[in-house]
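One structure below.
We use all heavy atoms of the structure for the numbers below, so side chains are in, but hydrogens, waters and symmetry mates are not. By convention in this document, chain letters (A, B, ...) are assigned in the order of the sequence lines, proteins followed by strands, and residues within each chain are numbered from 1.
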Protein chains: 2
Amino acid sequence: ASGRVALVGAGPGDPDLLTLRALRVLQDADVVVHDRLVDDRILDYVRRDARRIFVGKSRADHTLPQERINALLVAEAAAGHRVVRLKGGDPFVFGRGGEEVEALRAAGIPVEVVPGITAALGCGAAATIPVTHRGAAQGVTIVTGHGKDGEPDLDWEALARLKHTLVIYMGLSAASRIADRLTAAGLPAATPAALIEKGTRPDQVLAVGTLGGLPALAAAHRMAGPALIVVGEVVRLADPARITAIARPALAVAAE
Amino acid sequence: ASGRVALVGAGPGDPDLLTLRALRVLQDADVVVHDRLVDDRILDYVRRDARRIFVGKSRADHTLPQERINALLVAEAAAGHRVVRLKGGDPFVFGRGGEEVEALRAAGIPVEVVPGITAALGCGAAATIPVTHRGAAQGVTIVTGHGKDGEPDLDWEALARLKHTLVIYMGLSAASRIADRLTAAGLPAATPAALIEKGTRPDQVLAVGTLGGLPALAAAHRMAGPALIVVGEVVRLADPARITAIARPALAVAAE
């Protein structure tokens, strides 16, 4: 049998942000194993006679443990199927794609990885927030806000020192702690910050304020995720026409 | 006139990594303003009757200064054309897209930003190097190796502390200095490192070794760029079948 697996990035939400390669591989699949984060409009590209297996991972809430997903991919490919493992964003940015590659490689299954537009860039484009910008950010760091006991294990002082754009995935529930840790590490509370919920989707929410005002911003919008936190001077470039809400007192502080 | 500009990311090289949205906008353009980094096979998607304007920026070597490019985009859109500004990778990752957005916004020209697969993720997928990986990298930092006097102005100590994956764009000519600065800042010379030249293209070169061995690796392959440097434990996951060359003495050091 010629079974194989493609780990495919579905991008940040907007189905038009799928790559040509991702579309082709998806339309060729016998079996599609997908997460909650993948938009229904992308699943519509799957062949009618293909099997869809929902593994329900919303990253924080693992319906099927990763080991079970790995075993499922190996078994389906070993049975001769063309399998697509479809993930929100990019398979290699907090997508646990590396673990799936290792499991498939150990089982001798051919694997292809099809990259996807990661949220930092998809949401950046949709909000007109350039993650790098001359004079404002010479680089970008992407981390996850998810961690043991609700606190990510990060080197806050190093992050505060970089003066880059800092993008935090899955950081909504830890927004308050993240703001505390970064300010304690020396990043001014007045540093511009944005919260982007459902980025690139028609119901995208773009809230702009400051690092110190992040928790209030999240609470005011009753955000429930998936949401992205962007911290850095580049937030000032966000397209005013696309901003859903500005935390005005917080911005006043920033302007001082 | 209904002139407008779309800043479009062409991705890392492979034309199949263009997004559906990028393809649509490109095929609809009256004028396409593009860089050297954009593959000819992507330019083949442009309508025959569209004008192509080559602005020859290979990032280091600006054939047309950025201010002239900004003015060109404004003038073409003001004349009522649908303009595409096509860039390698993503427009907002060292693409100076933010500056173009500011210039267009100041001139009252409508702008859309279409994200692209950035090299770190495109090359990561092509080399099977996951930029984040459980137990190996909790985040990724993307910086440019390009800077004044051939030396990027970066906080090396903070970068060395993060123990993330570090991806350096346009770092080939500064590879020796980058390796020196990072090791001086405390990152072990035995840290795995990769050089990826022409990533995602049929003639991709993937060289794997250590941070200390980077300059020798670049020299041995007579690399001329565009090339990407990846530093971090995740390099160990690179697909052995795709590695063009391994710096064996360097890897022996890493294995100690």
Practice prompt. Give me the one residue out of B:K163, B:Q138, B:R161 that meets side-chain hydrogen bond (donor to acceptor under 3.5 Å, both in side chains) with A:D155.
Written response: B:R161

Item to complete: Look at A:V167, A:L159, A:V113, A:V140 and state which one has the largest set of heavy-atom pairs under 4.5 Å with chain B.
Response: A:V140

Item to complete: For B:E112, check salt bridge (charged side-chain N to carboxylate O under 4.0 Å, His left out) against everything at least two apart and list the hits.
Response: B:R21

Item to complete: Name the option with the most non-hydrogen atom pairs under 4.5 Å to chain A; the candidates are B:T200, B:T165, B:D239.
Response: B:D239

Discussion item. Looking at chain A, which one of B:I117, B:L7, B:L166, B:V111 has the largest number of heavy-atom pairs inside 4.5 Å, strictly under?
Written reply: B:I117

Fill in: Verdict with supporting geometry, A:D28 and A:V25, side chain to side chain contact (heavy atoms under 4.5 Å, CB included)
CA-CA 5 Å; A:D28 188 51; A:V25 170; 5.7 Å; no

Fill in: Engaged part of A:V101 at the chain B interface, taking heavy atoms whose separation is under 4.5 Å
side chain

Practice prompt. Could you pull out all residues at least two apart from A:R68 that satisfy salt bridge (charged side-chain N to carboxylate O under 4.0 Å, His left out)?
Written response: none

Discussion item. Please check: side-chain N/O of B:T132 versus main-chain N/O of A:F92, any donor-acceptor pairing under 3.5 Å?
Written reply: yes

Item to complete: Indicate yes or no: at least one non-hydrogen side-chain atom of B:V143 is less than 4.5 angstrom from one of B:Y169.
Response: no

Item to complete: Would you indicate whether the side-chain heavy atoms of B:D35 and B:V55 approach each other to under 4.5 Å?
Response: yes

Response to the item:
Okay, A:P152 and chain B: the region with an atom under 4.5 Å from a heavy atom over there is neither

Discussion item. Heavy-atom pairs under 4.5 Å with chain A: which of B:I129, B:V234, B:D14 has the most?
Written reply: B:I129

Worksheet item: What option among A:R24, A:H164, A:H133 has the most heavy-atom pairs under 4.5 Å with chain B?
Response: A:H133

Item to complete: Examine whether an atom of B:P15 lies under 4.5 Å from a heavy atom of chain A, and if so say whether it belongs to the side chain, the backbone or both; otherwise answer neither.
Response: backbone

Worksheet item: Who wins among B:T118, B:L18, B:V131, B:L162 for the most heavy-atom pairs under 4.5 Å with chain A?
Response: B:L18

Item to complete: Heavy-atom distances under 4.5 Å only: say whether A:D153 touches chain B with side chain, backbone, both or neither.
Response: both

Worksheet item: Between A:L23 and chain B, which part of the residue has a heavy atom less than 4.5 Å away: side chain, backbone, both or neither?
Response: side chain

Discussion item. Keeping A:R4 on the side-chain end and A:R82 on the backbone end, is there a donor-acceptor pair under 3.5 Å?
Written reply: no

Item to complete: For each of B:A125, B:G147, B:G139, tally heavy-atom pairs with chain A at distances under 4.5 Å, and name the one with the top tally.
Response: B:A125

